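Report on the following structure.
Everything numeric in this text was worked out from a predicted model, so none of it was measured.
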Amino acid sequence: LYSLNTLMCCYCQLNRVDLAFSVLGKIIKLGFTPDSVSFNTLIDGLIHVGKLEQALQLLTKAVEVGGLQPDNFTYGALVKGLCRKGDNAAALSLLRYMEEDQENDQLHGGHLGSSMPNLFIYNTIIDGLCKDKLITEALNLFSEMKNKGVSPDVVTFNSLIRGLCNLGRWEEAREKLNEMLALNVAPNVLMLNTLVDMFCKEGKVADAMDMIELMVKRGFTPDIVTYNTLMDGFVNAGKLRDAVKLFSGLLAEGLQPDYYTYNIMIKGLCKDGLLDQAKELLTIMQELGCSPDEFTYNAIIRGFLLKNDIPNALQLRDIMVSKGFATY
RNA sequence: UUAUCUUUUU
């Protein structure tokens, strides 16, 4: 069952829930009983591809005939699905439901083994609220979790800091960062990347670079996302030279560019009307096994349109269509 | 063996 669950998980990560379901069939045929990992994996897989309704149907069935006792993994998947469609209220209701369920279970001796919402649940909802700019609600939930004995981690703080920055509430963001450090919660690369992005989006590319330097001094290794973010900052600040320098630097250091890297560079080149070089990079990325996506093509098309080169823009649009991308 | 946070077009 272990191996079959792992296989299901792999299929789900490839967005092939259909294949994951065929593994479920196999599990049953082989005489195994699917466990909570099996069901949770499938529920999460369905939610990942946006099929919340089907996930709920499966949940009902799993509870009724599969004997599933929903746990933090199960609820976590549902909460994420709800937040992603912007229904933070429903996500919060689910959290309340978990609490009630657990309290009832406790009153009856705890036989169901249900548990209180854990850190993942809080983090997911807090992040959803922050993304919808409902920072007050997010901060309230943050206080609540602490009161209930759930310690926030770097993910919690990262969401809150980003939420505050997005609303221009820098001072409070800084306070949260200090609170985090005071709690001995270590920052991670994702947080560095968030902060770099926040600086860049504010046009403070120099501050972003300082931040990276500081973190490197403290022993952090920036990753490709860090550099992509900074590169995008350069591009948006009209500093194509610096972006190119960074790009060459990556190659020199043996860091693998990903499709974000190429898309950002191509966008930058197009912005400055350097379409030949953009197309050159398009060829290079394909040669290196990085397939262009709709972002890539749209960037180049916009570049052509900027030059009033309608024929080339249309030609590229045809290529996009032939590759099955949606176009305007 | 399953869950939460970061970067690219409009």
Give the nucleotide from the list B/U8, B/U6, B/U2 with an atom nearest to the side chain of A/Val225.
B/U6
Starting at atom CD1 of A/Ile264, determine the distance to atom P of B/U9, rounded to an integer number of angstrom.
8 Å
With sugar-phosphate meaning primed atoms plus P, OP1 and OP2, does A/Asp258 contact a base, only sugar-phosphate, or nothing at under 4.0 Å between heavy atoms?
nothing
Closer than 4.0 angstrom, basic N to acidic O: yes or no for A/Lys61 and A/Glu64?
no
Integer-rounded Å distance: B/C5 P and A/Lys176 NZ
20 Å
Rounded to whole angstroms, how far apart are NZ on A/Lys80 and P on B/U2?
17 Å
Should the pair A/Lys204 and A/Trp170 be classed as cation-pi, given the thresholds of under 6.0 Å to the six-membered ring centre and 45° from the axis?
yes
For A/Asp223 and A/Thr226: C-alpha separation, side-chain torsions, deciding distance, then whether side-chain hydrogen bond (donor to acceptor under 3.5 Å, both in side chains) applies.
CA-CA 5 Å; A/Asp223 63 9; A/Thr226 320; 2.9 Å; yes
Tell me what A/Asn118 touches on the nucleic acid: a base, only sugar-phosphate, or nothing, going by heavy atoms under 4.0 Å.
base
Is it true that A/Asp44 and A/Lys80 make a salt bridge, defined as a side-chain N closer than 4.0 Å to a carboxylate O?
no
Write down the distance between CG (A/Asn236) and P (B/U8), rounded to a whole number of angstrom.
9 Å
Among B/U2, B/U8, B/U1, the one nearest A/Asn40 by side-chain distance:
B/U2
Please tell me if the side chains of A/Leu316 and A/Ile319 come closer than 4.5 Å, counting only heavy atoms from C-beta onward.
yes
Does the aromatic ring of A/Phe295 sit over the six-membered base ring of B/U8, closer than 5.5 Å centre to centre and tilted less than 30°?
yes
Touch check for A/Asp197, heavy atoms < 4.0 angstrom, all strands: base, sugar-phosphate only, or nothing?
sugar-phosphate
For the rings on A/Phe39 and A/Phe73, is their centre-to-centre separation under 6.0 Å?
no
May I have the distance from A/Phe32 (atom CZ) to B/U1 (atom C1'), rounded to whole angstrom?
13 Å
Contact list for RNA chain B against residues 122-146 of chain A - heavy-atom distance below 4.0 Å:
A/Asn123, A/Thr124, A/Asp127, A/Lys131
As a test of reading the structure: which of B/U1, B/U4, B/U7 is closest to the side chain of A/Asp232, going by heavy atoms?
B/U7
A/Asp71 CG to B/U4 C1': how many Å, rounded?
15 Å
Atom-pair distance (CG on A/Leu195; P on B/C5), nearest Å:
17 Å
A/Asn188 side chain, from C-beta outward: closest of B/U2, B/C5, B/U1:
B/C5
Is A/Thr156 close to A/Tyr122 at the side-chain level, that is, under 4.5 Å between some pair of heavy atoms?
no
Report the nucleotide, chosen from B/U7, B/U9, B/U6, that has the shortest atom-to-atom distance to any side-chain atom of A/Tyr260.
B/U7
If stacking means aromatic ring centre less than 5.5 angstrom from the base's six-membered ring centre, planes under 30°, is A/Phe120 stacked on B/U4?
no
Would you mind reading off the distance between A/Phe39 atom CZ and B/A3 atom C1', rounded to a whole angstrom?
17 Å
Testing B/C5, B/U10, B/U8 for proximity to the side chain of A/Arg302, the answer is B/U10
A/Phe32 versus A/Ile28: any side-chain heavy-atom pair under 4.5 Å?
no
